[in-house]
Amino acid sequence: MTARTANDQRFREFKMPDVGEGLTEAEILKWYVAAGDTVTDGQVVCEVETAKAAVELPIPFDGVVHELRFPEGTTVDVGQVIISVDTRPGAGPAAPEQAAAPAAPAEEPEEPQGRQAVLVGYGAAPSSTKRRARKQQPVPAQPVAAAIQAELNGSAPAAPAEQAAPAAPAAQAQAASVGARPLAKPPVRKLAKDLGVDLASVVPSGADGIVTREDVHAAASAATAPVAEEPVAVAGAPAAGADLAARETRIQVKGVRKATAQAMVASAFTAPHVTEFVTVDVTRTMKLVQKLKDDPDMAGLRVNPLLLVAKAFLVAIKRNPDVNASWDEENQEIVRKGYVNLGIAAATPRGLIVPNIKDAGVKTLPELSTALSELVATAREGKTSPAAMSGGTVTITNVGVFGVDTGTPILNPGESAILAVGAIKLQPWVHKGKVKPRHVTTLALSFDHRLVDGELGSKVLADTAAVLENPQRLITWG
């Protein structure tokens with residue numbers, strides 16, 4: 001039996017699974033293990049973010065982590081190996097993984113003193129990357145990326161690395177070679193990205209040519225240092241010769257934000273939106289909120305205006321069931337739903353998500369309160385599952401929490417209607433023939449005009465407002 005065959009049996013590889021119903025890629029947000037750690041079947045080893053949610057991945061076998069193939073922040077295709085595990089760590093030293101592979105090309109540089117220190121995700125596995133073999137070339141006077149940046153900025157080229165650090169170890173020269181990726185841990189890479197520092201232009205001071213946090217800060221300070229005898233800048237204007245690009249921040253659009261952007265564009269340009277508005281006196285609803293907070297049956301539950309808005313919206317849908325539908329473009333059919341999966345738009349650090357409460361229409365008020373609380377808590381923790389965000393039929397977005405009066409919400413793709421709830425404010429209002437301060441809010445309902453006409457949409461919005469104005473209709477209509 002060859003050494004390679006023995007390794008194949010001993011080392012097991014865990015591939016990026018499809019955790020989001022047909023998604024093709026996911027970003028590794030955080031590793032919970034490192035090389036050398038012992039793992040057991042079912043243990044969570046990392047957290048990944050798909051276009052729908054952040055998900056923790058458990059490993060399906062026991063062993064000792066041999067290698068992490070990708071660093072944090074890397075987007076990996078479904079099916080790619082992300083971690084390898086030694087399932088028989090007590091069986092002695094592992095045979096070289098390239099034992100049965102062809103000899104390396106002559107032009108591939110040798111490592112004179114064994115392997116370099118391996119950072120997270122920098123394992124030497126041929127299958128983990130698709131990089132072209134590098135030809136050994138003389139070390140350039142400065143990194144290519146730095147030279148290009150200097151040319152674009154119109155500034156003088158940076159001093160050669162050999163002049164700045166003549167005693168730099170061989171590992172530093174190797175990191176500066178053409179096509180090589182600078183060695184740095186994920187937190188250092190993030191710091192460099194936040195400060196706008198090109199790692200290829202940083203001279204590393206760490207062991208084995210690793211760029212440290214101090215190196216990045218030093219590079220950032222050098223880039224922003226004032227130039228001697230610089231002309232006095234006009235107040236309010238950037239200094240002459242200032243690099244405007246250095247004061248810009250670019251954020252890569254991926255994961256939830258990318259999926260949301262694509263979905264909103266698709267929704268806005270495929271479903272003909274109509275938005276209607278109504279301003280309503282919700283003073284009685286606000287009084288009911290206070291009474292429910294003191295009700296023993298609601299003890300320990302979160303009671304707020306959104307809870308009663310959700311209940312009012314569900315009552316309006318029950319009275320007008322045709323609004324709870326979807327458009328089947330392929331079959332040219334309207335699909336009316338016999339259930340209401342109520343979506344709640346939630347702003348999270350990773351972007352806007354819309355998890356939904358399954359079969360919300362049949363829940364009691366305490367059950368609806370519990371479901372809302374769990375939904376919000378899970379979203380804030382970034383733990384919303386893809387299943388919780390699929391199958392929605394209608395949505396509520398509460399823009400009032402930001403002090404906004406109203407808006408024209410865009411439909412969640414595949415849904416028929418979305419209700420925006422504005423801020424609830426004390427305003428002068430004519431009540432029983434007299435002008436009095438009353439709690440007032442504005443509701444906005446957007447709907448798909450292919451399946452919801454103006455009459456139906458108006459009825460749904462008017463019924464929702466009527467329940468909030470006189471909440472006793474929760475009993476008479478519910």
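Because the structure is a prediction, the values reported are computed rather than measured. In what follows, every heavy atom counts, from backbone to side chain, and hydrogens, waters and symmetry copies are set aside.
No more than 12 heavy atoms of other residues, nucleotides or ligands shown are found within 6.0 angstrom of CZ on Arg380. Annotation for Lys358: atom NZ counts as buried by contact number, over 12 foreign heavy atoms lying within 6.0 Å.
Here the rule is side chain to side chain contact (heavy atoms under 4.5 Å, CB included) with Ser326, and of Lys337, Arg336, Glu415 only Lys337 fits it. Checked options Thr406, Asp405, Thr279; the residue passing with Thr442 is Thr279 (criterion: side-chain hydrogen bond (donor to acceptor under 3.5 Å, both in side chains)).
Asp215 and Thr212 share a side-chain donor-acceptor pair at under 3.5 Å. Neither side chain, Thr378 nor Thr384, offers a donor N or O lying under 3.5 Å from an acceptor on the other. Checked by atom type, the side-chain pair Ser446/Thr275 shows a donor-acceptor distance below 3.5 Å. Side-chain polar atoms of Thr393 and Asn341 form no donor-acceptor pair below 3.5 angstrom.
Note: Ile418 CD1 to Leu445 CG = 9.0 Å, rounded to the nearest 0.5 Å.
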Inset, instruction - In sequence, state the C-alpha distance, the side-chain angles, and the governing distance for Leu419 and Leu461, and then conclude on side-chain contact (heavy atoms from CB on, under 4.5 Å). - result: CA-CA 8 Å; Leu419 178 71; Leu461 183 59; 4.1 Å; yes

Inset, instruction - Could you walk me through whether Thr283 and Arg438 pass the side chain to side chain donor-acceptor pair (under 3.5 Å) test, one step at a time? - result: CA-CA 6 Å; Thr283 304; Arg438 304 286 288 181; 3.3 Å; yes

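The minimum heavy-atom distance between Met298 and Leu307, with the atom names listed, is CE-CD2, 4.2 Å. Summarising the geometry of Val452 relative to Gly457, their closest heavy-atom pair is CG1-N, 3.6 Å, with the distance given to 0.1 Å. Looking at every heavy atom in both residues, Leu372 comes nearest to Ile344 through CD2-CG1, 3.7 Å. Contact between Leu342 and Ala310 at its shortest, heavy atoms only, is CD2-CB, 3.9 Å. Of all heavy-atom pairs between Pro409 and Thr397, the closest is CB-CG2, 4.0 Å.
Each salt bridge (charged side-chain N to carboxylate O under 4.0 Å, His left out) pair with one or both residues in residues 383-400, not counting sequence neighbours, appears once here: Glu47-Lys383, Glu56-Lys383.
Between His66 and Phe11, the ring-plane angle classifies as tilted under the 30° and 60° cut-offs.
The shortest distance between side-chain heavy atoms of Leu195 and Val216 falls below 4.5 Å. Within the 4.5 Å cutoff, the side chain of Leu443 has heavy atoms near those of the Val421 side chain.
A donor-acceptor pair under 3.5 Å links the side-chain atoms of Gln80 to the main chain of Asp77, judged by distance alone.
Classification of Glu67 and Arg69 as a salt-bridged pair holds, one side-chain N sitting under 4.0 Å from a carboxylate O.
For Asp62, there are no salt bridge (Lys or Arg N to Asp or Glu O under 4.0 Å) partners at least two apart in sequence or on another chain.
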Under 3.5 Å, which donor-acceptor pairs do the side chains of residues 464-478 form with other protein atoms, sequence neighbours left out?
from   : atom 1 : to     : atom 2 : distance (Å)
Thr464 : OG1    : Val460 : O      : 2.8
Asn470 : OD1    : Arg284 : NH1    : 2.9
Arg473 : NH1    : Ala466 : O      : 3.0

